[in-house]
Amino acid sequence: MEHRPEMAAERERTRAQSLQRTAITWENLPSVAGFGQVNQSGMTMDSLHYSWSVGVQVTVPIFDGLRRQRRAQEQGAKLDAQEFRERDLQNAIAIEARGALLDLASSREAVAVATERLQLAEQELRQAEERFRAGAAGSVETSQAQLGLFSARDALIQTKVNLGSARVRAYRALGALDQMR
């Protein structure tokens, strides 16, 4: 899951929604602000008089028509929906990864079967050629054995292509496509 960019994006969206809800909740807390001001008055630079004003302001949010609470509820609902999307994506990635690994295992077994089929086709061709040389069989059997050998070679090539595709799907599903050799 850590290697999939779409999962990282969903986690970041969930984190952002959570931070927004926290920020709305913190709006209910009192706030403190300070301010200050310096004034100068006079006709010339020698006769300037300074006056200062300093203040502290405390704001306590008591009545706002329950807007903050409604916004917090709305943000909570958005966060719940985002968490659901994140779990849904997590499940989809897990299913994709399992499927890709099963396809990879199946493709490996198919290559093994095609390799064995090729060996049997080669053996069948050798036997057909021996029977033909011995006069026990005609050229039709040899031709059929050659056709079977070509078919077995084609099947092996196709299963190796399928194995390569399954490897790519597995690496992609596991989020390690950049590590593929």
Side-chain angles (χ1 to χ4, degrees), residues 1-114 156-181:
M1 296 294 171
E2 296 84 31
H3 300 293
R4 296 288 296 258
E6 63 270 26
M7 191 66 210
E10 283 300 320
R11 284 187 182 131
E12 189 59 33
R13 285 187 201 103
T14 302
R15 191 175 83 68
Q17 291 286 341
S18 178
L19 289 174
Q20 286 178 356
R21 186 180 70 176
T22 302
I24 292 170
T25 304
W26 281 51
E27 288 178 9
N28 290 320
L29 298 175
S31 61
V32 177
F35 59 89
Q37 181 179 1
V38 176
N39 292 322
Q40 302 172 349
S41 59
M43 299 298 281
T44 64
M45 290 298 279
D46 295 343
S47 64
L48 287 180
H49 297 285
Y50 292 98
S51 61
W52 295 273
S53 58
V54 179
V56 176
Q57 177 183 0
V58 177
T59 305
V60 180
I62 298 174
F63 299 111
D64 69 344
L66 300 174
R67 283 187 298 239
R68 281 186 210 93
Q69 287 79 3
R70 279 190 245 117
R71 284 182 31 232
Q73 288 174 349
E74 178 184 353
Q75 195 61 38
K78 287 180 182 179
L79 178 60
D80 291 343
Q82 178 59 36
E83 287 172 344
F84 177 77
R85 279 192 295 273
E86 184 178 336
R87 281 191 306 273
D88 189 41
L89 178 62
Q90 195 171 19
N91 290 337
I93 289 172
I95 289 169
E96 181 183 351
R98 285 187 199 111
L101 292 176
L102 288 173
D103 287 347
L104 183 61
S106 174
S107 294
R108 285 181 177 150
E109 290 177 10
V111 167
V113 167
L156 180 61
I157 291 169
Q158 186 60 45
T159 57
K160 286 185 177 183
V161 168
N162 291 343
L163 176 62
S165 296
R167 283 187 66 222
V168 170
R169 282 193 305 275
Y171 272 93
R172 191 231 175 262
L174 297 174
L177 196 55
D178 58 339
Q179 299 171 4
M180 187 173 174
R181 292 184 238 141

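The basis for the numbers below is simple: all heavy atoms, side chains too, and nothing from hydrogens, waters or symmetry mates.
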Practice item. Might you point out which heavy atoms bring R68 and I24 nearest each other, and give the distance in Å? Key: O-CG2, 3.6 Å
Review point. Can you tell me how far the CD atom of E83 sits from the OG atom of S18, to the nearest 0.5 Å?
Key: 7.5 Å
Practice item. Could you check if a side-chain atom of N28 sits within less than 4.5 angstrom of a side-chain atom of Q69, using non-hydrogen atoms only? Key: yes
Revision key, fill the gap. Minimal heavy-atom distance between A114 and T159, with the atoms involved, is CB-OG1, 3.6 Å
Review point. Does T25 use its side chain to pair, donor to acceptor, with the backbone of R21 at less than 3.5 Å?
Key: yes
Review point. Taking all non-hydrogen atoms of both residues, which atom of V56 and which atom of F35 are closest, and how far apart?
Key: N-CE2, 4.0 Å
**Study point:** Pairing residues for R11 by the side-chain hydrogen bond (donor to acceptor under 3.5 Å, both in side chains) criterion, not counting sequence neighbours
**Key:** none
Point to revise | Candidate pair Q73 and R70, rule side chain to side chain donor-acceptor pair (under 3.5 Å), full reasoning | key: CA-CA 5 Å; Q73 288 174 349; R70 279 190 245 117; over 6 Å; no
Review point. When rounded to the nearest 0.5 angstrom, what distance separates CG in N162 from CD1 in I157?
Key: 12.0 Å
**Study point:** Minimum-distance pair of heavy atoms, taken over all atoms of P61 and P30
**Key:** CD-CA, 4.0 Å
Check your understanding: How long is the gap from CG on L29 to OG1 on T59, to the nearest 0.5 Å?
Key -> 12.5 Å
**Study point:** Any donor-acceptor pair under 3.5 Å from Q57 side chain to S31 backbone
**Key:** no
Revision key, fill the gap. CG (D103) and OG (S165) are apart, to the nearest 0.5 Å, by 10.5 Å
Exercise for review: Could you pull out all residues at least two apart from E96 that satisfy side chain to side chain contact (heavy atoms under 4.5 Å, CB included)?
Suggested key: R4, R172, A173
Point to revise | Spacing of L102 atom CG and S107 atom OG [to the nearest 0.5 Å] | key: 10.5 Å
Point to revise | Close side-chain approach of L163 and L104, heavy atoms under 4.5 Å | key: yes
**Study point:** Separation of Q82 CD from R13 CZ (nearest 0.5 Å)
**Key:** 6.5 Å
Exercise for review: Identify whether the distance between the nearest side-chain nitrogen and carboxylate oxygen of E74 and K78 falls below 4.0 Å.
Suggested key: yes
